[in-house]
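What follows is a set of notes on a single structure, which appears directly below.
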Amino acid sequence: MSHLTNPLKKYYDGGYEWQPQKAPGVQAKMHPLPDCGEKTYRGTGKLKGRKALITGGDSGIGRAAAIAFAREGADIAISYLPFEEEDAQEVKHIIEHEDGKAILIPGDVSDENFCKELIKTAISELGGLDILVPNAGTQTANKDITTLTTEQILYTYSVNVFGMMWLVREAVPHMHPGSTIITTTSIQAYQPSEDLLDYAGTKAAIRAFTQAAAKQFAPKGIRVNGVAPGPIWTPLQICGGQLKEKLPEFGQDTLLKRAGQPAELADVYVYLASEASSYVTGAIYAITGGMLTA
């Protein structure tokens, strides 16, 4: 049975040192580097000919999905903040090195007008759109609600919830039967942390939106599903997403005693985007290291 790998040891299972960056953070400067499947994901043509837009596709979970989708044959448009240009260019190089198509569209999804233009540009550049992954998110930990600013609350909801809804609203009229939408909710929608009041609220909203949208779009032949990650090692964690005292043991409280890596979510995004999940809609797939979502 030498081909089996112990899930407790398959990826990095140690602690994390404090390494603050200005939000939204650059993955290339993290240590250890998150594993987004750059060297390991192997495609088999599951998404050949498909057209996908992934927000937050420069790093973390979005990056893992972008690399996997491209290696499965899809053409990809990636949205990201201009600050993240270094990471975005790296993803583009990875995809194009294997003759894939990657379109980079910088901008902030908290801006409704940008969301409108993003959908238009993606459709124009890709020649259509049949996979939408509104994955971009922001997270800032805060111990005390009395210091939780209105500015932070509004920005967190604008990025995580409003941006997602604007993108879906603009994209659906252009999507044909067989298209898919994949949201990113969180373990925080089920087991919210006391220091993530605004973030946890947004992830609960995404969960509800996903299930409601699945009902509304089913008659159109458009499926809507979500992924609920647990503690995953991404730039969100080192630019305010975790309190300083919590970062060293990030992910250690899961059943698998470690944080997850973005690469461990890629196959689920591919499955939900592909024809293999044709009878799946309104579902939330938990990838949490054993943390319960029910």
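Throughout, residue positions are numbered sequentially from 1 according to the sequence presented.
- One distance of note links OG1 of Thr5 with OH of Tyr11; it measures 9.0 Å at 0.5 Å rounding.
- Between the side chains of Ser59 and Asp87, no donor-acceptor pair of N or O atoms lies under 3.5 Å.
- With values rounded to the nearest 0.5 angstrom, Ile119 atom CD1 is found 13.0 Å from Trp166 atom CH2.
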Would you check, one step at a time, whether the test side chain to side chain contact (heavy atoms under 4.5 Å, CB included) holds for Ile238 with Gln242?
CA-CA 7 Å; Ile238 52 88; Gln242 293 293 320; over 6 Å; no

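- Judged as a salt bridge (Lys or Arg N to Asp or Glu O under 4.0 Å), the pairs with a partner in residues 57-69 (not counting sequence neighbours) are, in order, Glu38-Arg63, Arg63-Glu90.
- Using a 30° and 60° split on the angle between ring planes, Tyr157 and Phe162 fall in the tilted class, from 30° to 60°.
- In the displayed structure, His97 atom NE2 is contacted under 6.0 Å by at most 12 heavy atoms of other residues, nucleotides or ligands.
- Remark: Thr180 OG1 to Tyr271 OH distance equals 12.0 Å, nearest 0.5 Å.
- With hydrogens and angles left out, the side-chain atoms of Asn142 and Thr147 include a donor and acceptor closer than 3.5 Å.
- Annotation: the span from Leu167 atom CG to Glu112 atom CD amounts to 10.5 Å, rounded to 0.5 Å.
- Closest non-hydrogen pair, Thr281 versus Ala214, comes out as OG1-CB, 3.6 Å.
- Rounded to the nearest 0.5 angstrom, Tyr155 OH and Asp198 CG are separated by 12.5 Å.
- Using a distance-only test at 3.5 Å, with no hydrogens or angles considered, a donor-acceptor pair links the side chain of Gln19 to the main chain of Glu17.
- Annotation: side chain to side chain donor-acceptor pair (under 3.5 Å) contacts of Glu98 (sequence neighbours excluded): Arg71.
- Of the N and O atoms on the side chains of Thr185 and Tyr190, not one donor lies less than 3.5 Å from an acceptor on the other residue.
- At most 12 heavy atoms of other shown residues, nucleotides or ligands fall within 6.0 angstrom of atom NZ in Lys10.
- A side chain to side chain contact (heavy atoms under 4.5 Å, CB included) with Pro229 is found for one member of Ile187, Ile287, Val268, Ile61 and no other, namely Ile61.
- Counting heavy-atom neighbours within 6.0 Å of Glu96 CD, excluding the residue itself, gives a total above 12.
- A distance of 9.5 Å separates OH in Tyr269 from CD1 in Ile54, rounded to the nearest 0.5 Å.
- Checked by atom type and distance alone, the side chain of Lys203 pairs as donor or acceptor with a backbone atom of Thr184 at under 3.5 Å.
- Judged by distance alone, the side chain of Arg169 and the main-chain N or O of Lys116 form no donor-acceptor pair under 3.5 Å.
- Between Leu292 and Gln191 the shortest heavy-atom distance is O-NE2, 2.7 Å.
- Evaluated for a side chain to side chain contact (heavy atoms under 4.5 Å, CB included) with His174, the options Leu132, Asp130, Leu129, Ile123 yield exactly one hit, Ile123.
- In terms of heavy-atom proximity, Leu8 sits nearest to Lys257 at CD2-CG, 4.5 Å.
- The two residues Ala228 and Ile284 make their nearest non-hydrogen contact at CB-CG2, 3.7 Å.
- Here the closest heavy-atom approach between residue Ser110 and residue Val159 is recorded as CB-CG2, 3.8 Å.
- A donor-acceptor contact shorter than 3.5 Å links the side chain of Glu84 to the backbone of Leu81.
- In terms of modelled atom types and a separation under 3.5 Å, the side chain of Glu264 and the main chain of Cys36 share no donor-acceptor contact.
- In this structure, Trp233 has its ring center at least 6.0 angstrom away from the ring center of Tyr12.
- By the neighbour-count criterion of 12 heavy atoms within 6.0 Å, atom CD of Gln21 is densely surrounded, having more than that number from other residues, nucleotides or ligands.
- Considering every non-hydrogen atom in both Thr210 and Asn225, the closest pair reads CG2-C, 3.5 Å.
- Atom CG of Leu243 has more than 12 heavy atoms from other residues, nucleotides or ligands within 6.0 Å.
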